[in-house]
Amino acid sequence: MGRRGVLVAEALCVVLGCSITRILSEQGCEATIVATNATGPFCNATRDEIGTCWPSSEASRVVIRPCPDRFNGVQYDTSKSVYRECMADATWARRSNYSLCEAIILSKRNSQHYKVALVVNYLGHCVSLLALMTAFTIFWCLRRSIRCLRNAIHWNLMTTFILRNATWFLLQLIDLSTQERNEPWCCIIITIFNYFQVTNFFWMFVEGCYLHTAIVMTYSTDKLRKWIFICIGWVIPAPIIIIWAMVKLHFEDEKCWFGKTPGKYIDYIYQGPIILVLLINFIFLFNIVTILMTKLRASTTSETIQYRKAVKATLVLLPLLGITYMLFFVNPGEDEISQVIFLYVNSFLMSFQGFFVSVFYCFLNGEVRSAIRKRWHRWLDNHAIRARVTRAMSIPTSPTRISFHSFKRTTSV
């Protein structure tokens, strides 16, 4: 079988899960690699599910092959090696050892871009976490002054951002060796992270539902119930992640549940609802901007000011509804410049999204700022009253002194 047949077999392997096409792949492997002249029992040439070709080898021998050049659209360092054992009974080990294979996001010449993007990620998550905790504290202190459903939704959304960002830092503690050992604690961390990630997107969906109901449907928000949104944001993601964890434990319990095995789509158990939420929020955003543009055209302001307001409103809604995550669906292509731009833009938007949400919906929130001013003025007034009372208490009692001197003068007369 020629090279074209091998490529067709590999393509079918990706689609069908390497079950029907395994025979074709093995034939292509035998045609590509010359078998060793083994006198005793030996393992037949074969191709594993990743696509690596293993030549005929003697029993009780470890075979070394270079890492694949590309897998699932990701380029890997071929200078690294992958290992597989031909066991004593002349059968291949069930799995090959790909632990040393490293993904190459960019070329070695421009690998500094990846390091800079990693720094941007750390910086963005730190800044976002600090801003989110500050915003959370403000909402907590003003919870009685700004008590309304809209601000309660903002508060819950910021809570999910805080929890997701905090567990993101825990994920950075999991190295390749820990993944290879498949430690239980790292599986727990990735499960918790995925739960907070799903709740984060579901609360973005709640934000979209609230805005769409208030602006497009012109439905009275007073009739909306907080407990319904709490069930959507916090309760519904729980069974999704529980099902994902149980399926992962039984069918793909390896490498701390990171990554995907070819032919298996277990991660879509929770990624599917996230994609659905983003698509629905995109429809919400389109309807909201359409209504906004219609109202602006009906106003007496100039056309430039109208478009400026529309663009501003759209940019403010993008991080709130999570529309920026739809950029991850874009394929940057093979061009290295496109990959660099894609890497930087996604690293910035993903890590700083919590910061943008805090700024737009807490620090620049008119209701929050008004409540802070009222509390500040009230504190100043109380402080001024205390200062006047303190000064009054510190002055000697003048009536007593006057009575004493007048009594003394009267006595001398």
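What you are looking at is a predicted structure, and each value in this text was computed from that prediction instead of being measured. FYI, side chains are in, hydrogens and waters are out, and symmetry mates aren't considered; it's all heavy atoms of this structure.
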Residue pair [X] / [Y], side-chain heavy-atom distance below 4.5 Å:
X: W257; Y: C186; result: no
X: Q353; Y: M204; result: yes
X: F363; Y: R369; result: no
X: W54; Y: V82; result: yes
X: I192; Y: F196; result: yes
X: Y122; Y: Q172; result: yes
X: Y83; Y: V63; result: no
X: Y270; Y: Q197; result: yes

Roughly how far apart are [X] [atom1] and [Y] [atom2], rounded to 0.5 Å?
X: I372; Y: N365; atom1: CD1; atom2: CG; value: 9.0 Å
X: L170; Y: I189; atom1: CG; atom2: CD1; value: 5.0 Å
X: I240; Y: T199; atom1: CD1; atom2: OG1; value: 10.5 Å
X: E252; Y: W244; atom1: CD; atom2: CH2; value: 9.0 Å
X: S99; Y: Q179; atom1: OG; atom2: CD; value: 10.5 Å
X: I215; Y: T213; atom1: CD1; atom2: OG1; value: 10.0 Å

Go through the steps for I232 and W227 under the test side chain to side chain contact (heavy atoms under 4.5 Å, CB included), then give the verdict.
-> CA-CA 9 Å; I232 294 174; W227 66 269; over 6 Å; no
Return all side-chain donor-acceptor pairs below 3.5 angstrom for residues 138-148, not counting sequence neighbours, or 'none' if the list is empty.
| unit_1 | atom_1 | unit_2 | atom_2 | d |
| --- | --- | --- | --- | --- |
| R143 | NH1 | W140 | O | 2.6 |

Spell out, as yes or no, whether a donor-acceptor pair under 3.5 Å connects the side chain of [X] to the backbone of [Y].
X: D48; Y: C53; value: no
X: N182; Y: C256; value: yes
X: R84; Y: A93; value: yes
X: T178; Y: I174; value: no

Using the side-chain contact (heavy atoms from CB on, under 4.5 Å) criterion, which residues pair with [X]? Sequence neighbours excluded.
X: V119; value: none
X: M246; value: I242
X: S60; value: A88

So, using ring pair (Phe, Tyr, Trp, His ring centres under 6.0 Å) as the criterion, who are the partners of [X] when residues are at least two apart?
X: Y195; result: none
X: F352; result: F348
X: Y344; result: H113
X: F229; result: none

Are N281 and F201 close enough, and set up right, to give a side chain to side chain contact (heavy atoms under 4.5 Å, CB included), and what steps lead you there?
-> CA-CA 10 Å; N281 274 0; F201 281 97; over 6 Å; no
Enumerate, atom names and distances included, each donor-acceptor pair closer than 3.5 Å involving a side-chain atom of residues 127-135, sequence neighbours excluded.
| unit_1 | atom_1 | unit_2 | atom_2 | d |
| --- | --- | --- | --- | --- |
| S128 | OG | G124 | O | 2.8 |
| S128 | OG | S351 | O | 2.6 |
| S128 | OG | F355 | N | 3.2 |
| T134 | OG1 | L130 | O | 2.9 |

Closest contact, heavy atoms only, [X] versus [Y]:
X: W92; Y: S57; result: CH2-OG, 3.6 Å
X: P237; Y: V198; result: CB-CG1, 3.4 Å
X: E58; Y: R61; result: O-CB, 3.3 Å
X: F205; Y: V277; result: CB-CG1, 3.7 Å
X: S347; Y: N121; result: OG-ND2, 3.4 Å

Between H125 and F169, what is the ring plane arrangement, given parallel below 30°, perpendicular above 60°, and tilted in between?
->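 It falls in the perpendicular class, over 60°.
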May I have the step-by-step check of side chain to side chain contact (heavy atoms under 4.5 Å, CB included) for M158 and Y361, ending in yes or no?
-> CA-CA 10 Å; M158 292 177 187; Y361 298 98; 4.2 Å; yes
For residues 159-168, please give each side-chain donor-acceptor pair under 3.5 Å, one per line with the distance, not counting sequence neighbours.
| unit_1 | atom_1 | unit_2 | atom_2 | d |
| --- | --- | --- | --- | --- |
| T159 | OG1 | W155 | O | 2.8 |
| T160 | OG1 | L157 | O | 2.5 |
| T160 | OG1 | N200 | ND2 | 2.9 |
| R164 | NH1 | N200 | OD1 | 3.1 |
| R164 | NH1 | Y325 | OH | 2.9 |
| R164 | NH2 | Y325 | OH | 2.7 |
| T167 | OG1 | L163 | O | 2.9 |
| T167 | OG1 | R164 | O | 2.9 |

Applying salt bridge (charged side-chain N to carboxylate O under 4.0 Å, His left out), which residue pairs with at least one partner in residues 270-288 are found, sequence neighbours left out?
->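 Salt bridge (charged side-chain N to carboxylate O under 4.0 Å, His left out) check on residues 270-288 returns no pairs.
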Would you tell me whether W234 and N156 have side-chain atoms, one donor and one acceptor, within less than 3.5 Å of each other?
-> yes
Summary of ring-ring contact (aromatic ring centres under 6.0 Å, His included) pairs that have at least one residue in residues 271-294, sequence neighbours excluded |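 For residues 271-294: H212-F284.
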Are K248 and D267 ion-paired here, with the side-chain N under 4.0 Å from a carboxylate O?
-> yes
